[in-house]
There are 4 protein chains.
Amino acid sequence: MKRRADTATRIIQAAESLFAEQGFNETTMRQITAVAEVNLAAVNYHFRSKQGLVNAVCERLMEPLCDYIEKALDERLSSGLAVSLDELLEMLMRALLSVSHINSHSLAVFMRLLELAYMKNQEELREFFITQYAPRLEKYLQCLRLDAAPMEDNEFFWRLHFMLGSVIFTLSNYHMLLTLEKKSFQGNVEIEQILHRMIPVLSAGLQARAEKAYFCRL
Amino acid sequence: MKRRADTATRIIQAAESLFAEQGFNETTMRQITAVAEVNLAAVNYHFRSKQGLVNAVCERLMEPLCDYIEKALDERLSSGLAVSLDELLEMLMRALLSVSHINSHSLAVFMRLLELAYMKNQEELREFFITQYAPRLEKYLQCLRLDAAPMEDNEFFWRLHFMLGSVIFTLSNYHMLLTLEKKSFQGNVEIEQILHRMIPVLSAGLQARAEKAYFCRL
Amino acid sequence: MKRRADTATRIIQAAESLFAEQGFNETTMRQITAVAEVNLAAVNYHFRSKQGLVNAVCERLMEPLCDYIEKALDERLSSGLAVSLDELLEMLMRALLSVSHINSHSLAVFMRLLELAYMKNQEELREFFITQYAPRLEKYLQCLRLDAAPMEDNEFFWRLHFMLGSVIFTLSNYHMLLTLEKKSFQGNVEIEQILHRMIPVLSAGLQARAEKAYFCRL
Amino acid sequence: MKRRADTATRIIQAAESLFAEQGFNETTMRQITAVAEVNLAAVNYHFRSKQGLVNAVCERLMEPLCDYIEKALDERLSSGLAVSLDELLEMLMRALLSVSHINSHSLAVFMRLLELAYMKNQEELREFFITQYAPRLEKYLQCLRLDAAPMEDNEFFWRLHFMLGSVIFTLSNYHMLLTLEKKSFQGNVEIEQILHRMIPVLSAGLQARAEKAYFCRL
DNA sequence: TATGAATGAGCGTTCATTCAT
DNA sequence: AATGAATGAACGCTCATTCAT
């Protein structure tokens, strides 16, 4: 039995916590290694570079999420019954909730990673997401599409990102949002609540009838 | 007649463009002054510090937005007729659109500023928003509340932030999203389209019936 | 009648005060012009450079000191009676006291200037002292020599600098020394006291019999 | 066997040399690291900051000085015979001489450090001296007091600082003073000579009868 | 496997000075 | 006589990374 966790694990845990609080570029290797109580060079030794550590954090989060969704979706589809939009969203929320159990900051850092992947100069991370994980979630997205209001492909593309924005923003900042709501943090209880509250909102958003014309011609 | 714009303005414009593309901490003063074609020390001369420049950028965006919304809401309310949720959202979108005319990156940097304000260590910026601009938007939020589904205060708080997440995420990354949609950027046309597309989604999200119980007890 | 002093004078006064508190290199042009409530460029306009300002401060202090000593010494010598060492030192102290009336920091900045002149890279200032003021004080030094214990030239050279060290150190730091003595500053009263206290000490030091051999051969 | 000294030592030695010649604020980290032939960042790595380097230099000088004086005084006192003022001063001079062997600039930089500690804005350094070293020198000062002329506490306070001024000024600038004396520098021989020359002067100064009244009432 | 030492590049900031008005 | 704007140079410091052990 080990007295202290594996060095690489300690680093990842420290990194997740700091990434969640401060963001990636704002977190220094010195901070990470200080919190992890390991040598400064250990990050480069174990993960090659800071970006390598970010990727490792990414994997540790995306893998169980994809696993969960794939498995849950297959189980549900095997019943033969039609799957409702709310069921699909609850499936997603449960997947996120399972990720949140990795540690208390994992959801926030996860969402920050997704944010980061949309930044112009993060081609590598973006490519990593697209090639590694996009295919595994495709079936889930097709199900969503079927339950959403009828709309064209590009409309669905944007709706997905409106939804993604809600999820990312809320979970990235949920610690701060709880503070602003003037409630003290009580762990996963609130995360469940927040995730649950999103379901009807996202559901309504995806099912809202798309309008053809728009308001403003300048 | 001046051959080139005022130094301070050139700096702000360069900063907005770079902030929008890269974020604040990722943008260096050397990048800003190189793009603006001014001396490195000019930023400190005109804005005291990098943070001072961020604040200046912030003001230049928030002021016209608040002006627009206050004015438009007062005009609309003076008619005496009830204001629908879609009207309120269109009002917001038009306000954002007016900000987008400042320059092609202003909406993105604006949204990044809002994101930033929710970060733990940005108390100063957050306080700036809360004291300077929150009061000016209160009346608008009350109108939103009246048109939303009946719900408790904290439910409304979260709904607002779900909605805010959609707006912030989409507009922060709209350049990248357009790229992913495989369409080339054609200026404000797309922004209008995106803003318009949000209205029914946000409207449906705010009007969705809140559920009392939630799914998961661990 | 002028409502505010001449710009150049205001600058000198501000500079003296700041130089006395912080030293020369530690005092910035911005601090000086802020205290003087003049434009930043005014220093360069009136004094060509920061060094030019230092020289101006120097002149404003050395001129009256030399005047005082020359005049007092000539008056005293014209009586035909022999001049005692204590009289000479009191003459010096009164000269310093007269300088201290220029403003409350003038003695401290004066002493700091003398310190500075002994620094390796301050050849210009050192040359300025030597060519401008050394000749005017020569007669006074000769009188000191006559009243000191008999000793060789180089011994006298060092004794003078031991004495100079006492004066410079004490007056450079007299504000701080008063603080350490746990007494509050009450203006020129203390300076008089301190100057007076130095006389018997310096007198005894100059009159002490020089020893030929010294203690340590390694 | 190492071909070149330890990096930290090289830095300290370069720093001492430059500090002695130019002062602290006038010496840049780039100068230090250039002379030491080490990387610019090495100073921060080994000493955390420039101030940290100053503190390290300080410790390297004060420690052996205090050790020397404490040990020499205890030895001398254990003989049971009364200690004369000249003996005490010679003890001090030998202590300074032992410090001067650290390297050719160590006494000058030491004296500059003492000067610095009396500056208004150097509270930290001053506190460092007071808490770390003042207690270790207290016994020595009490012996000085016993051998000095009878006088009140505050008179003794000032006399000590007159004496300190002589020592600090002379040793801070002894290189320059030798130059002005038109003699070339020949290493520790001159330092011994200068230190020795101070003894009768300081001794006479401390033993001079204090006067009660003073000369000038304005 | 792990680490203390070291490094090149770059950071935000400040400096005394200059220049056009 | 005076000033707001601007500048080149340099500042102390921190960064992620590398390397010898």
Side-chain angles (χ1 to χ4, degrees), chain A residues 6-8 10-11 24-33 36-54, chain B residues 4 6-8 10-11 24-34 36-54, chain C residues 6-8 10-11 24-33 36-54, chain D residues 4 6-8 10-11 24-34 36-54:
Chain A
D6 180 63
T7 296
R10 291 177 62 79
I11 290 172
F24 301 97
N25 285 315
E26 293 70 24
T27 300
T28 69
M29 311 267 290
R30 278 189 160 73
Q31 287 178 319
I32 295 169
T33 52
E37 295 180 277
V38 301
N39 185 275
L40 172 60
V43 175
N44 290 91
Y45 178 75
H46 286 283
F47 303 98
R48 276 187 55 86
S49 69
K50 191 182 179 185
Q51 184 63 45
L53 172 57
V54 171
Chain B
R4 69 179 236 176
D6 183 62
T7 297
R10 291 177 64 79
I11 291 171
F24 300 96
N25 287 318
E26 292 70 24
T27 301
T28 71
M29 312 236 338
R30 281 168 177 81
Q31 287 178 317
I32 294 170
T33 51
E37 295 180 283
V38 301
N39 187 277
L40 171 60
V43 176
N44 292 94
Y45 178 75
H46 287 282
F47 303 98
R48 289 185 59 90
S49 67
K50 189 183 178 184
Q51 183 63 45
L53 173 57
V54 171
Chain C
D6 180 62
T7 296
R10 292 176 62 79
I11 291 172
F24 301 97
N25 286 315
E26 292 72 22
T27 300
T28 70
M29 311 267 290
R30 277 188 160 73
Q31 287 178 316
I32 296 169
T33 52
E37 295 179 282
V38 302
N39 185 275
L40 171 61
V43 175
N44 290 91
Y45 179 75
H46 286 283
F47 303 97
R48 275 187 55 86
S49 69
K50 190 182 179 183
Q51 184 64 44
L53 173 58
V54 171
Chain D
R4 69 178 234 174
D6 183 62
T7 297
R10 292 177 62 79
I11 290 172
F24 302 97
N25 287 317
E26 292 72 24
T27 300
T28 71
M29 313 234 336
R30 280 168 178 82
Q31 286 179 318
I32 296 169
T33 52
E37 295 180 281
V38 301
N39 186 277
L40 172 61
V43 176
N44 293 95
Y45 177 75
H46 287 283
F47 303 99
R48 289 184 58 89
S49 67
K50 189 183 177 183
Q51 183 63 44
L53 173 57
V54 171

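Treat the numbers as computed from the prediction; the structure is a model and nothing was measured. Proteins come first, then strands; the chains are lettered A, B, ... in the order of their sequence lines, and each starts at number 1.
Side-chain nitrogen and oxygen atoms of T7(D) include none within less than 4.0 Å of the OP1 or OP2 phosphate oxygen of dA5(E). Remark: H46(D) is not in phosphate contact with dG4(E), judged by side-chain N or O atoms under 4.0 Å from OP1 or OP2. OP1 and OP2 of dG12(F) both lie 4.0 Å or more from every side-chain N or O belonging to N44(D). Checking the phosphate oxygens (OP1, OP2) of dT1(E), a side-chain nitrogen or oxygen of Y45(A) falls inside 4.0 Å. Look at N39(B) and you'll find a side-chain N or O under 4.0 angstrom from OP1 or OP2 of dG8(F).
Taking NE2 of H46(A) as the start and CZ of R10(A) as the end, the distance is 11.5 Å to the nearest 0.5 Å. Atom CG of N25(B) sits about 13.5 Å away from atom CZ of F24(A), to the nearest 0.5 Å.
Put simply, CD1 on I11(C) is 9 Å from P on dT3(F), counting in whole angstrom units. Straight-line distance from the CD1 atom of I32(A) to the P atom of dT14(F): 17 Å, rounded to whole Å. Summarising the geometry, the separation between CG on D6(B) and P on dA6(F) is reported as 6 Å, rounded to the nearest angstrom. dT13(E) atom P lies 10 Å from atom CG of L53(B), rounded to whole Å. For the pair N25(C) CG and dC11(F) C1', the interatomic distance rounds to 13 Å; values are reported in whole Å. We find that CD of E37(A) is positioned 12 Å from P of dT3(E), with the value rounded to whole Å. For R48(C) and dC19(E), the CZ to P distance is 12 Å, given to the nearest whole Å. Rounded to whole Å, atom C1' of dA2(E) lies 14 Å from atom CZ of R10(A).
Side-chain proximity of L40(D) to dG4(E), dC13(F), dA16(F): nearest is dC13(F). Nearest nucleotide to the side chain of A41(C), out of dT18(E), dC13(F), dT7(E): dT18(E). Which of dG12(E), dA16(E), dG12(F) sits closest to the side chain of K50(D) comes down to dG12(F). Ranking dC15(E), dA6(E), dT17(E) by closeness to the S49(C) side chain, first place goes to dT17(E).
With a 3.5 Å ceiling on both atom-pair distances, the Watson-Crick or G-U wobble partner of dC19(E) is dG4(F). Base pairing of dC11(E): its partner is dG12(F), meeting the Watson-Crick or G-U wobble criterion (both donor-acceptor distances under 3.5 Å).
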Run the side chain to side chain contact (heavy atoms under 4.5 Å, CB included) check on N44(C) and M29(C) step by step: do they pass?
CA-CA 9 Å; N44(C) 290 91; M29(C) 311 267 290; 3.2 Å; yes

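Closest heavy-atom contact between K50(A) and T27(A): NZ-O, 2.7 Å. When all heavy atoms of T33(C) and N39(C) are compared, the pair lying nearest together is CG2-O, 3.4 Å.
Here T33(C) lies out of heavy-atom contact (under 4.0 Å) with every strand.
Comparing F24(A) and A42(C) by the nucleotide of DNA chain F whose heavy atom lies nearest to each, the residue mapping closer to the 5' end is A42(C).
By the 4.5 Å heavy-atom criterion applied to side chains, L40(C) and R30(C) are counted as neighbours.
Contact annotation: side chain of R30(B) to base of dG10(E), donor-acceptor pair absent below 3.5 Å.
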